[in-house]
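Quick caveat, the model's predicted, so the values are computed rather than measured. All residue numbers in this chain count up from 1 along the given sequence.
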Amino acid sequence: MNVIAKSTTLSPFLRATATVVSNGGMPVAATGKVTKPKITVPVPFRRRLQQTTYQDFLTGPTCISSGVAVSTQIHQRRLAHTDIQWPDFNDYRQPEVQDPHAKSQDSAPSRKGGSVAGVYSAKVVVHNLVGMMSPTADVLAMSKIEINLGSIPEGKSAIFKWRGKPLFVRHRIASEIATEGKVNVANLRDPEEDSARTKDPKWLVIIGVCTHLGCVPIANAGDFGGYYCPCHGSHYDASGRIRKGPAPLNLEVPPYEFIEDGKMLIVG
């Protein structure tokens, strides 16, 4: 009984002692309320990093702050230049384009001058390009030539220069005309009637350029008595039609016309 009485007597004292220890050793009132002590937070320590004077001028001094319950942070202070005046170019801009919210078509009338200048420049470029690609004066002078047919004997061929190419004018005899008129064009590589290649059966006018690789054939030669290209063995008849060899087409007939006084005009 004495032990129980003693433990009963000491139990309030033990509870009070436990409370005092858990609260930092401060006395506890009889009512059982605990007074909490104030915790003083030390002033954060600031340590300046090692920087040069030039770095301080650009970014300001850099420091590290630390303290209780405060994470380490790096603070940089920059010089604030708020007194700088930006240049104003509004005096040089058109009134229609000064509004930043305006659409591109709103300022179109003010840019007509630039469009006209661009069109004129394009015209100049095209004109110069066409002029550069145009034939020279000597070529234009030879685009039309006049041939005196009386200077070419019957059965002979004459060679002239037209647009930088050889031009064959052949004065055909009656037998040649009859022979070429009887050819079956269905058997030819490039079918064409003799009458379709001449305006006057006595005169054959062709460009002396082989249709194979551009060589110049020989007149009054070959297996058919017309023209022969020795480069690759193309044979043409007296109408300039391909009859044998690798050439794919007949010799070209240029545009021409007969004029008065027995002359022929080769037109461009």
Side-chain angles (χ1 to χ4, degrees), residues 129-268:
L129 181 61
V130 172
M132 183 172 56
M133 299 176 62
S134 299
T136 58
D138 56 342
V139 174
L140 290 175
M142 292 186 297
S143 62
K144 293 183 179 182
I145 60 174
E146 186 177 293
I147 299 174
N148 184 10
L149 299 177
S151 63
I152 305 174
E154 189 177 9
K156 300 295 181 180
S157 295
I159 302 177
F160 303 90
K161 186 177 182 181
W162 178 70
R163 287 189 172 182
K165 302 176 182 179
L167 182 71
F168 294 163
V169 180
R170 185 187 186 104
H171 191 176
R172 300 192 299 181
I173 59 178
S175 61
E176 290 177 335
I177 298 173
T179 301
E180 302 306 330
K182 296 178 182 179
V183 174
N184 184 7
V185 297
N187 298 326
L188 300 181
R189 183 177 303 169
D190 187 10
E192 194 172 8
E193 294 286 350
D194 179 68
S195 59
R197 295 177 59 82
T198 59
K199 293 183 178 181
D200 185 343
K202 295 188 300 183
W203 298 100
L204 175 67
V205 183
I206 56 176
I207 297 176
V209 177
C210 181
T211 58
H212 179 223
L213 291 177
C215 305
V216 178
I218 301 172
N220 300 321
D223 295 346
F224 299 89
Y227 304 90
Y228 172 67
C229 181
C231 298
H232 301 91
S234 296
H235 297 259
Y236 301 87
D237 59 17
S239 185
R241 297 172 295 193
I242 182 63
R243 303 292 292 274
K244 181 181 178 181
L249 301 173
N250 301 331
L251 295 177
E252 182 181 356
V253 178
Y256 67 94
E257 59 186 19
F258 294 99
I259 58 178
E260 57 185 13
D261 299 333
K263 294 181 179 180
M264 178 188 293
L265 181 65
I266 311 298
V267 297

Could you give the distance from NZ (Lys202) to CD1 (Ile173), rounded to the nearest 0.5 Å? 13.5 Å

Filter on ring-ring contact (aromatic ring centres under 6.0 Å, His included), then keep only pairs touching residues 234-254, sequence neighbours left out; what's left? Tyr228-His235

Rounded to the nearest 0.5 Å, what separates atom CG in Leu251 from atom CD1 in Ile242? 7.5 Å

On a heavy-atom basis, the closest approach of Thr198 and Trp203 is CG2-O, 3.6 Å

State, yes or no, whether a side-chain contact exists between Leu213 and Cys231 at a heavy-atom distance under 4.5 Å. no

Quick one: does Ile218's side chain get under 4.5 Å of Pro230's, heavy atoms only? yes

Do Val209 and Phe168 come within less than 4.5 Å of each other through their side chains, counting heavy atoms only? no

What side-chain hydrogen bond (donor to acceptor under 3.5 Å, both in side chains) pairs are there with at least one residue in residues 245-267, not counting sequence neighbours? Glu146-Lys263, Asp190-Asn250, Glu192-Asn250

Drop me the distance from His232's NE2 to Cys215's SG, to the nearest 0.5 angstrom. 6.0 Å

Does Pro201 offer a backbone N or O that forms a donor-acceptor pair with the side chain of Arg172 under 3.5 Å? yes

Just verifying a value: how many Å separate Arg197 CZ and Ser239 OG, rounded to the nearest 0.5 Å? 5.0 Å

For Asp237 and Gly240, indicate whether the former's side chain and the latter's backbone hold a donor-acceptor pair under 3.5 Å. yes

Going by heavy atoms in the side chains, are Val183 and Arg243 under 4.5 Å from each other? yes

Taking the six-membered ring of Phe224, is the NZ or CZ of Arg241 close enough (under 6.0 Å from the centre) and on axis enough (within 45°)? no

Flag, side chain of Ser157 to backbone of Arg170, donor-acceptor distance under 3.5 Å: no

